[in-house]
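Positions are given from 1 along the sequence. This one's a predicted model, so the numbers in the text were calculated from it and none came from an experiment.
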Amino acid sequence: MTNRPHWSYSSISQYLRCPLQYYFQRVLGLPSRSIGSGLVLGSAVHAGLAEYHRRLKEHESIDSEAILKVFHECWGEKEAGETVVYRNGESREDNREQGIQLLKLYLDEPPPDGIIAVEQRVLVPLYNSRGEYLEIPLVAIADLITATEQDLTVREFKTSGRAYSAADVESSLQPTCYVHAVRETFGRDANVEYTVLVKTKTPKVQRLRTSRYSEDCGRLGDVVQTIQRAVDLGIFYPVESPMNCATCPYRQHCRAWGQPSRATEMPELDKLEIPQEAMACSLN
């Protein structure tokens with residue numbers, strides 16, 4: 001599954017967020033030598049949560065030390081592979097402690113019932129609003145899927161420096177990807193629940209539910225189809241903003257983009273050869 005060209009929420013959102021970053025990472029395959037501290041913290045917390053949910057699903061004892069061990073191992077792997085970029089005022093110790101506190105906060109919550117899948121990866125076809133199937137499928141990885149007799153819920157876990165609003169959830173394509181993947185895989189509709197671990201001075205757990213319908217899934221296909229056309233035409237450009245640029249690993253390449261005097265330092269951008277691997281993407 002990993003070698004087959006595919007779309008994911010991460011690749012879709014990356015192109016929408018900054019087409020030039022998409023180009024550097026997914027078309028040219030340039031190595032990323034740095035990673036933002038927020039991504040490291042989020043990955044480590046996700047790893048700990050996955051271990052906790054796996055133990056619940058398998059009816060194993062809940063060992064908080066073993067869960068924290070997974071957290072630390074994931075953090076170490078991220079540090080070993082890339083340079084972690086911290087924002088002004090951040091430190092490694094403070095970030096790690098914050099991640100630990102978020103994990104402990106969630107572990108103190110009532111555990112979820114009816115777990116049927118943890119970190120489940122599925123490959124499903126996409127279709128547009130006219131019911132036409134796209135050539136390249138979608139990969140979705142659900143953090144947690146729970147079920148009752150009446151309800152199927154995909155649970156997405158986020159770490160965030162602020163609480164989410166209802167608009168954040170309603171406007172995101174991620175729940176659409178999940179609902180579409182579940183419908184294609186299980187033949188059932190699903191709701192999506194965001195569990196946001198908020199990194200404020202006093203950490204808190206926030207939960208927001210949302211729904212998606214068949215017309216939303218068709219619209220997702222329309223968006224992906226349009227991005228695919230843009231990629232095929234070589235339409236890549238920077239979208240500069242504090243959020244995009246602060247910890248972007250491709251800042252030097254971005255500054256060299258479009259400058260003839262630096263043509264020898266990076267591949268020429270106006271004569272693109274788009275390999276099939278351009279669609280390959282990272283996990284969620």
Side-chain angles (χ1 to χ4, degrees), residues 1-32 39 43 46 117 119-143 145 152 154 156 171-190 192 210-239 244 248-250 253 257 267-284:
M1 183 185 294
T2 56
N3 294 326
R4 180 178 177 180
H6 59 270
W7 286 100
S8 71
Y9 170 70
S10 62
S11 59
I12 296 165
S13 61
Q14 185 181 37
Y15 187 92
L16 294 173
R17 184 174 64 252
C18 182
L20 191 59
Q21 187 189 77
Y22 176 101
Y23 173 66
F24 290 145
Q25 179 179 346
R26 301 180 190 274
V27 178
L28 294 185
L30 298 181
S32 171
L39 290 177
S43 296
H46 268 78
E119 296 287 331
Q120 178 159 340
R121 182 184 180 95
V122 296
L123 179 73
V124 296
L126 282 164
Y127 54 80
N128 60 24
S129 59
R130 298 178 297 280
E132 302 164 341
Y133 279 91
L134 280 57
E135 180 179 352
I136 296 175
L138 174 76
V139 163
I141 303 173
D143 291 342
I145 302 177
L152 192 66
V154 179
E156 169 67 14
S171 62
S172 175
L173 285 175
Q174 190 167 26
T176 313
C177 291
Y178 286 144
V179 169
H180 174 72
V182 166
R183 291 180 67 186
E184 292 291 314
T185 303
F186 297 101
R188 291 180 59 184
D189 288 324
V192 176
T210 187
S211 300
R212 295 293 188 273
Y213 306 98
S214 58
E215 57 267 29
D216 299 307
C217 297
R219 182 179 174 84
L220 172 66
D222 291 341
V223 170
V224 171
Q225 192 170 44
T226 302
I227 295 174
Q228 180 69 69
R229 289 171 182 156
V231 169
D232 291 343
L233 291 170
I235 299 174
F236 305 108
Y237 54 89
V239 177
N244 281 352
C248 179
Y250 303 108
H253 295 289
W257 174 76
E268 192 173 351
L269 298 183
D270 59 355
K271 296 180 180 179
L272 302 178
E273 293 182 3
I274 310 298
Q276 277 288 19
E277 290 77 9
M279 293 301 99
C281 59
S282 61
L283 302 184
N284 260 10

Value for SG (Cys18) from OH (Tyr250), rounded to nearest 0.5 Å, stands at 11.0 Å

**Study point:** Note, Gln120 side chain near Ile141 side chain (heavy atom, < 4.5 Å)
**Key:** no

key: His180 (side chain) donor-acceptor with Pro125 (main chain) under 3.5 angstrom   = yes

* Taking the side chain as C-beta and beyond, is there a heavy-atom pair between Cys217 and Arg212 under 4.5 Å? -> no

| query | In terms of heavy-atom contacts, does CZ of Arg219 have more than 12 from other residues, nucleotides or ligands at under 6.0 Å? | reply | no

Taking the side chain as C-beta and beyond, is there a heavy-atom pair between Cys177 and Trp7 under 4.5 Å? no

Paired with Tyr127, the side-chain contact (heavy atoms from CB on, under 4.5 Å) test is passed by just one of Glu184, Gln225, Glu132, namely Glu184

- Query: Do the side-chain N and O atoms of Asp222 and Ser129 include a donor-acceptor pair separated by under 3.5 angstrom?
  - Reply: yes

Closest non-hydrogen contact found for Val154 with Ala190 is CG2-CB, 4.4 Å

For residues Arg17 and Val239, determine if any side-chain heavy atom of one lies less than 4.5 Å from a side-chain heavy atom of the other. no

Test side chain to side chain contact (heavy atoms under 4.5 Å, CB included) on Arg183 and Ser214; report intermediate values, then the result.
CA-CA 9 Å; Arg183 291 180 67 186; Ser214 58; 3.3 Å; yes

In the structure I gave you, are the side-chain heavy atoms of Phe236 and Tyr15 within less than 4.5 Å of one another anywhere? yes

Main-chain N/O of Ile12 paired to Tyr22 side chain as donor or acceptor, under 3.5 Å
no

- Message: Is any side-chain heavy atom of Leu30 closer than 4.5 Å to one of Gln25?
- Response: no

* Would Glu156 and Tyr178 count as having a side-chain donor-acceptor pair, cut-off 3.5 Å? -> yes

Would you please test Leu138 and Leu123 for side chain to side chain contact (heavy atoms under 4.5 Å, CB included) and show each step? CA-CA 6 Å; Leu138 174 76; Leu123 179 73; over 6 Å; no

Are Ser172 and Tyr9 close enough, and set up right, to give a side chain to side chain contact (heavy atoms under 4.5 Å, CB included), and what steps lead you there? CA-CA 10 Å; Ser172 175; Tyr9 170 70; 3.8 Å; yes

Hey, does the side chain of Asn128 reach the backbone of Leu134 with a donor-acceptor pair shorter than 3.5 angstrom? no

Nearest heavy-atom approach of Pro137 to Pro5 is CD-O, 3.6 Å

Q | Asp216 side chain vs Thr176 backbone, donor-acceptor pair below 3.5 Å | A | no

- request: Mark yes or no for whether Thr185, through its side chain, and Val182, through its backbone, hold a donor-acceptor pair below 3.5 Å.
  value: no

- Using a 4.5 Å cut-off on heavy atoms from C-beta on, say whether the side chain of Gln21 contacts that of Asn244. no

- Task: Evaluate side chain to side chain contact (heavy atoms under 4.5 Å, CB included) for Gln228 paired with Ile136, printing each intermediate quantity in order.
- Result: CA-CA 9 Å; Gln228 180 69 69; Ile136 296 175; 3.2 Å; yes

